[in-house]
Amino acid sequence: MSEIKYWLMKSEPDTYPLEQLKKEKKSLWDGVRNYQARNFMKEMNVGDQILFYHSNAKPPGVVGLAQVSKKAVPDPTQFKKNSKYFDPKSTQEKPRWECVEVKYKKTFKNMLSLNEVKEMKSLADMPLVNRSRLSVQPVSKKQFDIIVKHCES
DNA sequence: GCCAACGTTGGC
DNA sequence: GCCAACGTTGGC
């Protein structure tokens, strides 16, 4: 099988905070409507590690860990007419959007704010810093380890 | 709430 | 295939 990969996924605390994933244990990561983000989710395998990031928060930053619990499946919200994620151009035969299921792992003792990420040279080339609008992005093992170490010590 | 950056849509 | 118009993201 393939190696474990590392990712960062964003969520707004007003919409879906980490605490809610903790309560629900698992959740479909639905509602992503960006092709690049979708393509990354299609690359994910069960067991891949996820940095959970709170965007539009005060302050924004990495707050915890999740992990992929199911490979990508068609996002059910794209077919629901009354959903804000409904996509009229998507069909059951040819769904446009997919999403993975993620499982709660932990909430960090110390979050790592975006400010701190920007200050750390070793994290300077993260998409988070220079591709700020990408909501699902790959993270190198090195970066992942640096962040986890910072947040747990 | 503002606005810069960026992605998508649709007319041509 | 270009590009203007428009919509969204997300930091501040």
Side-chain angles (χ1 to χ4, degrees), chain A residues 5-24 26-44 48-68 71-140 142-144 146-152:
Chain A
K5 293 189 287 289
Y6 301 88
W7 311 93
L8 180 145
M9 293 170 93
K10 296 182 185 174
S11 185
E12 298 193 28
D14 288 345
T15 309
Y16 196 90
L18 180 58
E19 299 82 70
Q20 193 170 341
L21 181 63
K22 184 178 184 180
K23 256 182 250 158
E24 297 176 2
K26 291 174 174 186
S27 175
L28 263 188
W29 204 266
D30 57 15
V32 171
R33 295 295 178 266
N34 171 286
Y35 290 105
Q36 221 183 341
R38 178 203 65 185
N39 293 342
F40 284 134
M41 283 202 284
K42 284 168 120 174
E43 288 178 27
M44 293 181 186
D48 281 6
Q49 302 295 303
I50 301 164
L51 296 166
F52 198 106
Y53 179 91
H54 275 169
S55 60
N56 265 319
K58 294 178 242 158
V62 181
V63 292
L65 284 180
Q67 107 183 33
V68 177
K71 278 183 75 95
V73 294
D75 180 342
T77 62
Q78 67 194 310
F79 306 121
K80 293 179 186 157
K81 276 220 167 61
N82 55 357
S83 165
K84 72 173 198 173
Y85 298 122
F86 176 66
D87 185 343
K89 293 187 182 154
S90 204
T91 63
Q92 294 281 349
E93 295 73 34
K94 282 199 155 187
R96 264 192 174 188
W97 305 109
E98 305 202 16
C99 57
V100 291
E101 184 193 78
V102 306
K103 185 168 81 178
Y104 174 83
K105 266 196 97 178
K106 73 157 54 173
T107 303
F108 287 138
K109 248 187 291 175
N110 310 298
M111 72 173 291
L112 182 68
S113 72
L114 178 60
N115 247 337
E116 292 171 296
V117 172
K118 287 177 177 168
E119 281 168 8
M120 292 165 75
K121 288 230 168 59
S122 49
L123 302 178
D125 62 343
M126 286 185 73
L128 189 64
V129 178
N130 45 41
R131 296 277 330 277
S132 64
R133 292 189 47 189
L134 188 59
S135 67
V136 176
Q137 47 184 267
V139 175
S140 72
K142 202 178 260 178
Q143 292 165 340
F144 182 88
I146 290 169
I147 293 172
V148 171
K149 193 177 170 198
H150 173 280
C151 294
E152 293 192 313

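Per chain, numbering begins at 1; letters A, B, ... match sequence-line order. Since the model is a prediction, treat every value here as computed from it, not as a measurement.
- Under the rule for a salt bridge (Lys or Arg N to Asp or Glu O under 4.0 Å), A:E116 has no partner lying at least two apart in sequence or in another chain.
- Listed by chain and residue number, nothing satisfies the salt bridge (Lys or Arg N to Asp or Glu O under 4.0 Å) test with A:K71 (two or more places apart in sequence, or in another chain).
- Under the side-chain contact (heavy atoms from CB on, under 4.5 Å) criterion, A:Y85 pairs with A:R33, A:T77, A:S83, not counting sequence neighbours.
- Using a 4.0 Å heavy-atom criterion, one finds that A:K58 contacts no nucleic acid atom at all.
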Please list every donor-acceptor pair under 3.5 Å in which a side-chain atom of residues 126-134 of chain A meets a protein atom from a residue at least two apart or in another chain.
residue : atom : partner : partner atom : Å
A:R131  : NH2  : A:Q36   : OE1          : 3.2

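- Listed by chain and number, the residues in a salt bridge (Lys or Arg N to Asp or Glu O under 4.0 Å) with A:D87 are A:R96 (sequence neighbours excluded).
- Residues satisfying the side-chain contact (heavy atoms from CB on, under 4.5 Å) criterion with A:P60, sequence neighbours excluded, are A:Y53, A:L114.
- One N or O on the side chain of A:H54 and one on the backbone of A:L18 form a donor-acceptor pair closer than 3.5 Å.
- Shown here are the side-chain contact (heavy atoms from CB on, under 4.5 Å) partners of A:P95, two or more places apart in sequence or in another chain: A:P74, A:Q78, A:F79, A:S90.
- A:K109 contributes a side-chain N or O that, together with a main-chain N or O of A:E152, makes up a donor-acceptor pair within less than 3.5 Å.
- Annotation: proximity of residues 88-102 of chain A to DNA chain C (heavy atom, distance under 4.0 Å) is found for no residue.
- A rotation axis mapping the C1' atoms of four pairs onto the next four is fitted at both ends of the helix from B:dG1-C:dC12 to B:dC12-C:dG1 over five pairs, and the angle between these axes is 10° to 10 degrees.
- Checked against side-chain contact (heavy atoms from CB on, under 4.5 Å), A:D48 has the following partners two or more places apart in sequence or in another chain: A:I4, A:K5, A:W7, A:M44, A:N45, A:V68.
- The 5' end of DNA chain B is approached more closely, in terms of each residue's nearest nucleotide, by A:N56 than by the other of A:Q36 and A:N56.
- Checked by atom type and distance alone, the side chain of A:Y16 never pairs as donor or acceptor with a backbone atom of A:E19 at under 3.5 Å.
- Sorted by residue number, the members of residues 127-136 of chain A with any non-hydrogen atom under 4.0 Å from DNA chain B read A:R131, A:R133.
- In summary, contact between chain A and DNA chain C, defined as any nucleotide atom under 4.0 Å from a heavy atom of the protein, begins and ends at C:dG7 to C:dC12 in the 5' to 3' direction.
- Side-chain N or O atoms of A:Q143 include one that pairs as donor or acceptor with a backbone N or O of A:S140 at under 3.5 Å.
- Using a 30° and 60° split on the angle between ring planes, A:F52 and A:W29 fall in the perpendicular class, above 60°.
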